[in-house]
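Just below is one structure, and these are the notes that go with it.
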Amino acid sequence: MTEFALGSLDLAALLCSRVCHDVISPVGAIVNGLEMLDEEKDPEMRGFALDLVKKSAHTASARLQFCRLAFGAAGSAGAAIDTGDAEKVTRGLLEDDRTKLSWNVPRILMAKDKVKLILNLCLIAAAAIPRGGVITVNVDTREPTPHIDVEANGTNARLASHVPQLLACAPENNQVDAHGIQAFYTGLIARAAQLSLNVTAEPEKVRIEAHPATTDALADTLA
């Protein structure tokens, strides 16, 4: 199978657009809060503005820390990442009053591509439950290549129709935009880690598994 190829410069540009999109809202809220603090004299309104700045700064920090591991180099080539650090940034980004994270991953040093894959699958799982729910991450590290299972359970859980194609690195009309680049990038990471992705959807549940790619699958990927 011949896959869609995205140039390295376009990939970098689209990922940068994605990161900027993630942080521009809380950063803008910080600016608005600071302007209110500068202009307002009413103690109640100043308290509201300060609370806005604090919450927005926390959100921006959480998103940047997550993006650093999920999209960044996170060390030199071949470096490993502590799965405990991965859990921390994932909880910081995704957990709130509506969404809970069940992280069933032993704390070990894992190859960075596999950790980046887990984080990106968590992003896709979170997008599948916009009304909130539970994201469950299971990783079986007993085999030489870990089996990764990320599941989203929640009301009206569903993947956008274009996501499976992007995960397969075969986007519709051979086009990827900033909205779809994260799913496409997830597919690229899986292939770099020599893993195949399998997506299943049921009422109230979306599940994505990453398992060792077969010889035939790897041959198709490189074709």
Side-chain angles (χ1 to χ4, degrees), residues 3-4 6 11 14-23 62-72 74 81 83 86-87 89-96 98-105 110 112-139 146-172 175-193 195-211 213 221:
E3 296 179 355
F4 169 71
L6 185 65
L11 176 64
L14 288 169
L15 283 175
C16 286
S17 294
R18 167 61 194 247
V19 173
C20 290
H21 176 272
D22 285 350
V23 299
R63 292 182 181 181
L64 286 172
Q65 289 183 57
F66 183 92
C67 288
R68 176 178 173 270
L69 286 188
F71 303 140
I81 297 176
T83 55
E87 177 184 5
V89 299
T90 305
R91 289 194 184 280
L93 179 68
L94 301 183
E95 278 201 317
D96 55 26
R98 299 188 307 165
T99 304
K100 301 304 177 186
L101 177 68
S102 177
W103 183 272
N104 304 311
V105 185
M110 186 182 292
K112 69 176 182 179
D113 282 345
K114 295 179 176 63
V115 175
K116 288 157 71 76
L117 178 60
I118 294 171
L119 297 182
N120 277 275
L121 290 177
C122 285
L123 275 184
I124 294 172
I129 47 173
R131 295 187 180 182
V134 179
I135 297 171
T136 304
V137 183
N138 293 303
V139 178
H147 182 104
I148 300 167
D149 185 338
V150 177
E151 185 175 296
N153 288 268
T155 302
N156 294 333
R158 61 180 294 273
L159 281 180
S161 59
H162 64 286
V163 169
Q165 292 173 295
L166 290 168
L167 290 174
C169 295
E172 186 177 2
Q175 293 182 345
V176 182
D177 58 16
H179 179 70
I181 190 61
Q182 188 268 325
F184 181 81
Y185 178 66
T186 303
L188 293 180
I189 298 172
R191 282 149 183 75
L195 296 171
S196 293
L197 297 176
N198 182 53
V199 180
T200 56
E202 304 173 17
E204 314 299 307
K205 180 171 72 175
V206 170
R207 184 181 185 186
I208 308 176
E209 297 175 89
H211 52 82
T221 300

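Since the model is a prediction, treat every value here as computed from it, not as a measurement. All values below come from the heavy atoms of this structure, side chains included, with hydrogens, waters and symmetry mates left out.
- In this structure a side-chain-to-backbone donor-acceptor pair under 3.5 Å is present from Arg191 to Gly187.
- Between Arg68 and Val89 the shortest side-chain heavy-atom distance does not fall below 4.5 Å.
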Given Leu167 and Ile208, is the side-chain contact (heavy atoms from CB on, under 4.5 Å) satisfied, shown in steps?
CA-CA 10 Å; Leu167 290 174; Ile208 308 176; 4.3 Å; yes

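- In this structure, Glu204 has no side chain to side chain donor-acceptor pair (under 3.5 Å) partners at least two apart in sequence or on a different chain.
- In this structure, His211 NE2 and Leu197 CG are separated by 7.5 Å, a value rounded to the nearest 0.5 Å.
- Residues forming a side-chain contact (heavy atoms from CB on, under 4.5 Å) with Glu172 (at least two apart in sequence, or on another chain): Gln165.
- Contact detail for Pro146 and Leu195: the closest heavy-atom pair is O-CD2, 4.1 Å.
- Pairs engaging residues 152-163 under the side chain to side chain donor-acceptor pair (under 3.5 Å) rule: Glu151-Asn153 [sequence neighbours left out].
- Taking 4.5 Å as the limit, every side-chain heavy atom of Arg18 sits out of range of all side-chain heavy atoms of Tyr185.
- In this structure His147 satisfies the side chain to side chain donor-acceptor pair (under 3.5 Å) test together with Glu209, sequence neighbours excluded.
- Arg63 places a side-chain heavy atom less than 4.5 Å from the side chain of Leu93.
- Under the side-chain contact (heavy atoms from CB on, under 4.5 Å) criterion, Arg91 pairs with Glu87, Glu95, Leu101, Trp103, sequence neighbours left out.
- Distance check: Asn104 CG to Asn138 CG gives 4.5 Å after rounding to the nearest 0.5 Å.
- For the pair Val199 and Val163, the minimum side-chain heavy-atom distance is 4.5 Å or more.
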Which pairs of donor and acceptor atoms, one on a side chain in residues 117-137, lie under 3.5 Å apart (sequence neighbours left out)?
residue: Asn120; atom: OD1; partner: Gln182; partner atom: NE2; Å: 2.9
residue: Asn120; atom: ND2; partner: Ala70; partner atom: O; Å: 3.1
residue: Asn120; atom: ND2; partner: Lys116; partner atom: O; Å: 2.8

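- Residues passing the side chain to side chain donor-acceptor pair (under 3.5 Å) test with Asp113, sequence neighbours excluded: none.
- Listed here is the closest heavy atom pair of Ala86 and Val115: CB-CG1, 3.7 Å.
- Asp177 pairs by the side chain to side chain donor-acceptor pair (under 3.5 Å) definition with nothing, not counting sequence neighbours.
- Evaluation of the ring pair (Phe, Tyr, Trp, His ring centres under 6.0 Å) rule for Phe66 yields no partner, not counting sequence neighbours.
- The two residues Ala157 and Val206 make their nearest non-hydrogen contact at C-CG2, 4.1 Å.
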Please test Lys114 against Val139 for side-chain contact (heavy atoms from CB on, under 4.5 Å), starting from the C-alpha separation and ending with a verdict.
CA-CA 10 Å; Lys114 295 179 176 63; Val139 178; over 6 Å; no

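- Counting only heavy atoms from C-beta outward, the side chains of Ile181 and Ser17 never approach each other to under 4.5 Å.
- Atom-to-atom distance recorded for Lys112:NZ and Leu69:CG is 11.0 Å, nearest 0.5 angstrom.
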